[in-house]
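Every chain is numbered from 1 and lettered A, B, ... according to where its sequence line falls, protein lines coming before strand lines. Here the structure is a predicted model, which is why all the values come from computation and not from measurement.
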Amino acid sequence: MRFRVDRDAFTDAVAWTARALPARPAMPVLAGMRLELPGGGAALRLSSFDYEVSARAEVAVDTEETGAVLVSGRLLAEIARNLPAEPVNVESDGAHVVVTCGSARFTLLTLPLEDYPTLPDMPQTTGSLAAGTFTTAVRQVSPAASRDDTLPMLTGVNITFSGDTLTLAATDRYRIAVRELWWRPEYPDLSASALVPARTLHDTARSLAPGSNVDIALSTASGGDGAILSQGEGMIGFENGGRRTTTRLIDSDFVKYETRFPADFAARAEVATAPLIEAVKRVALVADRSTPLRLSFVESEVVLEAGSGDDAQAAEALGVNFQGEPMRIAFTPEYFLDGLGAVQSELAHLNFTTPTKPAVINDAPAEEGARPEFRYLVMPLRAS
Amino acid sequence: MIGPRGIEPLAAGTDEDAGCHILHIDMDAFFASVEQLEHPEARGRPVIVGGTGPRGVVASADYIARTYGVHSAMPMVRALRLCPDAIVFPPDGASYRRASEAIMDVFRSFTPAVEQVSLDEAFLDVSGARRLWGGPVRIAEAIRERVRREQRLTCSVGIAPTKFVAKLASTRCKPDGLLLVPTTRVTDFLHPLPVGALWGVGDKTEQALVRLGLRTVGDVARAEPDMLRHEFGQALGGRLVALSQGQDDRPVVSHTPDKSIGSEETFSSDVDDPEVIRRELLRLSEKVARRLRASGHVGRTVVVKLRRADFTTITRSRTLGEATDVAREVNAAARELYAAAGLERERLRLVGVRVEGLTAAAETPRQLAFGEQENGWREAEQAMDRVAQRFGPDAILPAALAKSDENDV
């Protein structure tokens, strides 16, 4: 294998592919990145795989000789990142790969390509949407996913596909984040759901090229005729600008979260989102992870407070539009901010039941009475 | 015990300990003994714990090293000249603290009135424990036995009517001894001792007393109280008078708030059945959680201690998202830690469960989770506490801990 490639394009593709490299590979070959040059004018194909997540990128190169090779992915990524701004030449020679760029020259050992597993095929495309919209939606819900592996079901973001509506939801039992959005399904009455590991989804969404489309492919989705298009075990794929990521789904049913949202509220506040976020961040400076952020709402004002007794204390007041009985309620600062920070509209709506029952933060719907796109249920912190 | 002819063996079933409700327990060569436990190769050899640098000082020396003249606070260089064969360990505070906590837990299982003086020393007031355990001597023997069996450490116990006499008694019977100073023998015991033995008498006061011709505690007791008050002031003079007559009314105060609550179990024979271990972890979790609730605490870190048959010990800890006093949550973490420790096939001699990072339950805010039942496990366990209070600790247990009965079907 021998090719010449643009330095930045190569570096970018290698770095993107290296994301899926396992931190502690179960088998030594899984630490490898596969470089394949089919020839015939085709691009260089880079791939990584750890049996859960696979990543495949392509980059245009000047092919001089076709072939395939497996090298240490981390090392290659490290080298690529530090190359000088010159065209890169890559050449394989039996047990070695030589990377030259300007006057720098690296010789890498190859790993046994024959031991490397085959990457799963991309399932058939289920639909697509703007990458920017998808990234935003994933950013909105993924903080609510649990990072505790003891309950795998809670470490995922649940994506429900229902016709032209996608619903993303995540919960760690302390909060539930739900985002609804439009997309273009391949089948008009598509109905399916997938529980995607939140970390992988967040990673994938973050590195999508903005201003393009992302295709989503689900291995088990029922089409318009009711037939289930099952393609092996549960897997979801994302394709964007020639780059594909697939990940295994979490094999579990997601919690029935919709009924957790209260039907009626005792009080409701309408408040400017950005100033409230800033005030909360300031007040929370004196609070650690588990100390309460206290909010008291009266007619036209909310007072935020944190810290008490011998500890440092902070307080700040902010104008709000408040309806209902005066409300005093406390939250874990991080949980409150995760919800508020995900509100996209200028005004945020805060809905309360009682100080020990769920509160709901949502964005202001585009039109009065419509369902908000983003809803965030957060359980209070019971200050003793 | 101190008898009419000095130190005499203690008769079985003695009632000489009536009124002697203060125990002073002092671990023997504590740091050095802990090192010997953790380093089997050091057993039977002189061991010194201390700084190994050029200005290092001996922190602890075992009794073999002491026969060479090594003692604590001695420069290490000099200690090694006296005892070149000694194995030297740098102090390992964390492991001494762990051992200390385990020992203090043993003490507290006899009486809540434990005043910890240092890592290896404590006063116990056992006046309230008599009905449960018997007299002070029986309690002291039981404590010594449990410390020896469960921790493989020896301690010396002084039993006396007052703290300061109890402390003198434990010093007198070291190592691995027990000395009772009956109420009627306190003055006999004290009076021959040099004045320096009195609590609060340092070098300076001692010199002043000697200048007055008072060399022994007995001399001080026979001196004119007014003269002592005049010479040493009301406070110290008055105390000298009282102490020399064996009077010391300082109570045992179990002041330090618990930083952790734990419990451990040494099996009567080593266990390699993971099912038995898990059941024991559950039992200990129940016990620890009950004590947490009784003391009004919640804790965030669960620590599991596993000691192999060869006495090597590992501890594993996990910090929970929320502080807890619920046995079910403590047990879940303990089981995971045990599973993750990879000791499931090993023969274990001891397992322990401890909850650390304690805060007062009433002041600890609790993050609510949705779907929590109003009356959850915490409330169920509080109900168990009330049953246990009325009918004894074994009246209500998790099913896994119930003793199977031949009548069971």
Does [atom1] in [X] sit with more than 12 non-hydrogen atoms of other residues, nucleotides or ligands closer than 6.0 Å?
X	atom1	answer
A/R282	CZ	yes
B/E38	CD	yes
A/R328	CZ	no
B/R278	CZ	yes

Picking from A/V255, A/I176, A/T291, which has the most non-hydrogen pairs under 4.5 angstrom with chain B? A/I176
Is [X] in contact with chain B via its backbone, its side chain, both, or neither, using a 4.5 Å heavy-atom distance?
X	answer
A/D172	neither
A/P358	neither
A/T171	side chain
A/R173	both

Write down the atom of A/Y174, the atom of B/L368, and the distance for their closest heavy-atom approach. CD2-O, 3.4 Å
Locate the shortest heavy-atom distance separating A/M379 from B/Q367; write the atom from each residue and the value. O-NE2, 2.8 Å
Using the salt bridge (charged side-chain N to carboxylate O under 4.0 Å, His left out) rule, collect all pairs that involve residues 331-342 of chain A, keeping only residues at least two apart or in two chains. A/R147-A/E334, A/R175-A/D338
Chain A contacts: which residues in residues 303-335 of chain B have a non-hydrogen atom closer than 4.5 Å to it? B/R318, B/G321, B/E322
